[in-house]
> 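I have a structure I would like to understand better, so I am pasting it below and will then ask my questions one at a time.
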Amino acid sequence: LDTQYLLPVAELYAKGIISGYDGMAFNGSEKLTRGEAAAMIGCLYDKSKRSVDVSDSSAKYASQREFADTTLFIGDSLTYQFIENYLIPNKMIGKASYMAAPRTTVKYFLSSYWVLTPSEDNRYGVACNSEFEDLCFGDAMAVNAGKYKTVYFMLGSNNSSHVTLNQYCDAVELILKYNPSAVVYMQTVPDSDVGAVDAQRVNDLVKQAVEKMNADGKTNVRLLDTNSAWNAACIAKDGMHLTNMGLDAWYRYICAHATF
């Protein structure tokens, strides 16, 4: 598929207007048959006919599933986008807690001065539960200490060339300080063809952090290689964020590979 058509095709796929062929191929160099054109037009005008074709491995969660109140999402603008543009609008967030602030780095996550202030009061935006407002990440987790059984953590796209292994390990320790029995999923960030993020470096550090924590006996810290779920059609033009197709792939990957 020619790269100039990736985003439009991704949007149509996310809306269920097209589903592609086996193996997520769209065969952009081939012509539509009359039947395929008719089916696409039918889906365009009749939303009840729309459906995204999913593989057998994901069929078990094709219907909407919600996250439990023992789930916590932590992240930057990617997690913000996932929550605000996908989970909440599609009524999949359930009773999960979340704290996501664009421009957040791992260093900021560990600090006491980077607070979760509602977006109307700052320039970087925040998606968080009301009880976390105006608190730093550490203090926010202390509010519900011991509550969370599953934590999804994704940071590193910001300041990707400077984040360190020790910072990742300290971040995990901070999470476990308040939720020692939680399963902490360290998620990998999307690749960036335009160089907006040094994804290779970040993801290598994430994997090393998981290995180090496991070696220290913290086997409840696990790698969730979300980056493996995304192809070029999933990445937005800025090389950092995700298309609707990417958000959908993220959700499906979590359902297939993590404790839901």
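Heavy-atom basis, side chains included; hydrogens, waters and symmetry copies ignored. Since the model is a prediction, treat every value here as computed from it, not as a measurement.
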> Within the side chain of Asn227, is there an N or O that forms a donor-acceptor pair under 3.5 Å with the backbone of Asn203?
no
> Would you confirm whether Thr150, through its side chain, and Val184, through its main-chain N or O, come within 3.5 Å as a donor-acceptor pair?
no
> Are any of the side-chain heavy atoms of Gln187 and Tyr152 separated by less than 4.5 Å?
yes
> Would you say Leu116 and Glu133 make side-chain contact, with heavy atoms under 4.5 Å?
no
> With side chains defined as the heavy atoms from C-beta onward, is the minimum distance between Val189 and Val202 less than 4.5 Å?
yes
> Considering residues at least two apart in sequence or located in another chain, which fulfil the side chain to side chain contact (heavy atoms under 4.5 Å, CB included) criterion with Asn129?
Ser97, Tyr98, Glu131, Phe132
> Taking it one step at a time, do Trp114 and Thr104 satisfy side chain to side chain contact (heavy atoms under 4.5 Å, CB included)?
CA-CA 8 Å; Trp114 190 256; Thr104 298; 2.8 Å; yes
> Should the heavy atoms of other residues, nucleotides or ligands under 6.0 Å from CG of Asp193 be counted, would the total exceed 12?
no
> If you define the side chain from C-beta out and look only at heavy atoms, does anything of Arg201 sit under 4.5 Å from Val163?
yes
> State, with a plain yes or no, whether a side-chain heavy atom of Ile175 is found less than 4.5 Å away from one of Tyr148.
no
> Go through Leu224 and Thr188 one step at a time and tell me if the side chain to side chain contact (heavy atoms under 4.5 Å, CB included) criterion holds.
CA-CA 7 Å; Leu224 194 61; Thr188 51; over 6 Å; no
> Please name the pair of heavy atoms, one in Tyr178 and one in Ala142, separated by the smallest distance, quoted to 0.1 Å.
CE2-CB, 3.4 Å
> Tell me if a side-chain donor or acceptor on Asp139 pairs with a main-chain N or O of Leu135 at a distance below 3.5 Å.
no
> Just to verify, what does Asn166 make a side chain to side chain contact (heavy atoms under 4.5 Å, CB included) with, not counting sequence neighbours?
Thr164
> List the atom pairs, donor and acceptor, that lie under 3.5 Å between side-chain atoms in residues 81-88 and the rest of the protein, sequence neighbours left out.
{"unit_1": "Gln81", "atom_1": "OE1", "unit_2": "Leu242", "atom_2": "N", "d": "3.2"}
{"unit_1": "Gln81", "atom_1": "NE2", "unit_2": "Leu242", "atom_2": "O", "d": "2.5"}
{"unit_1": "Tyr86", "atom_1": "OH", "unit_2": "Asp248", "atom_2": "OD1", "d": "2.7"}

> Quick one: closest heavy-atom pair of Asp238 and Val194, and the distance?
O-CG2, 3.6 Å
> Mind checking whether Thr71 and Lys149 have side chains closer than 4.5 Å, heavy atoms only?
no
> Does anything in residues 212-234 pair up under salt bridge (charged side-chain N to carboxylate O under 4.0 Å, His left out), and if so which pairs, sequence neighbours excluded?
Glu173-Lys218, Lys212-Asp216
> Report the distance from atom OG of Ser77 to atom CZ of Arg103, rounding to the nearest 0.5 Å.
9.5 Å
> Are side-chain heavy atoms of Met213 and Cys169 found at a separation under 4.5 Å?
yes
> In Å and rounded to the nearest 0.5 Å, what is the SG to CZ distance from Cys255 to Phe67?
5.5 Å
> Starting at OH of Tyr168, measure out to CD of Gln208 and round the result to the nearest 0.5 Å.
11.0 Å
> Suppose we screen for side chain to side chain contact (heavy atoms under 4.5 Å, CB included). Which residues come up paired with Ala182, at least two apart in sequence or across chains?
Val151, Asn179
> Side chain of Asp170, backbone of Val106: donor and acceptor closer than 3.5 Å?
no
> Hey, what do you get for CE (Met141) to CG (Leu72), rounding to the nearest 0.5 Å?
7.5 Å
> Using side chain to side chain contact (heavy atoms under 4.5 Å, CB included), reason through Met154 and Trp250 one step at a time and then give a plain yes or no.
CA-CA 12 Å; Met154 182 188 287; Trp250 189 353; 3.6 Å; yes
> Measure the spacing between SG of Cys234 and CG of Leu247 and express it to the nearest 0.5 Å.
9.0 Å
> Who are the side chain to side chain contact (heavy atoms under 4.5 Å, CB included) partners of Thr105, not counting sequence neighbours?
Lys107, Tyr108, Asn158, Asn159
> Is a side-chain donor-acceptor pair under 3.5 Å present for Gln200 with Asp204?
yes
> Looking only at atom types and distance, does a side-chain atom of Asp76 sit under 3.5 Å from a main-chain N or O of Leu78, one as donor and one as acceptor?
yes
> Hey, what do you get for NZ (Lys147) to OG1 (Thr70), rounding to the nearest 0.5 Å?
8.5 Å
> Given the rule in the side chain to side chain contact (heavy atoms under 4.5 Å, CB included) test, do Val221 and Met186 qualify, once you have shown the distances and angles that lead to the verdict?
CA-CA 7 Å; Val221 180; Met186 301 287 285; 4.0 Å; yes
> At their closest point, which heavy atom of Ala249 faces which heavy atom of Ala229, and how far apart are they?
CB-O, 3.8 Å
> Heavy atoms only: give me the nearest Ser157-Met240 pair and the separation to one decimal.
O-CE, 4.3 Å
> Does any part of the side chain of Phe109, heavy atoms only, come nearer than 4.5 Å to the side chain of Phe153, both counted from C-beta?
yes
> Nearest heavy-atom pair of Ala101 and Val126: which atoms, and what distance?
CB-CG2, 4.0 Å
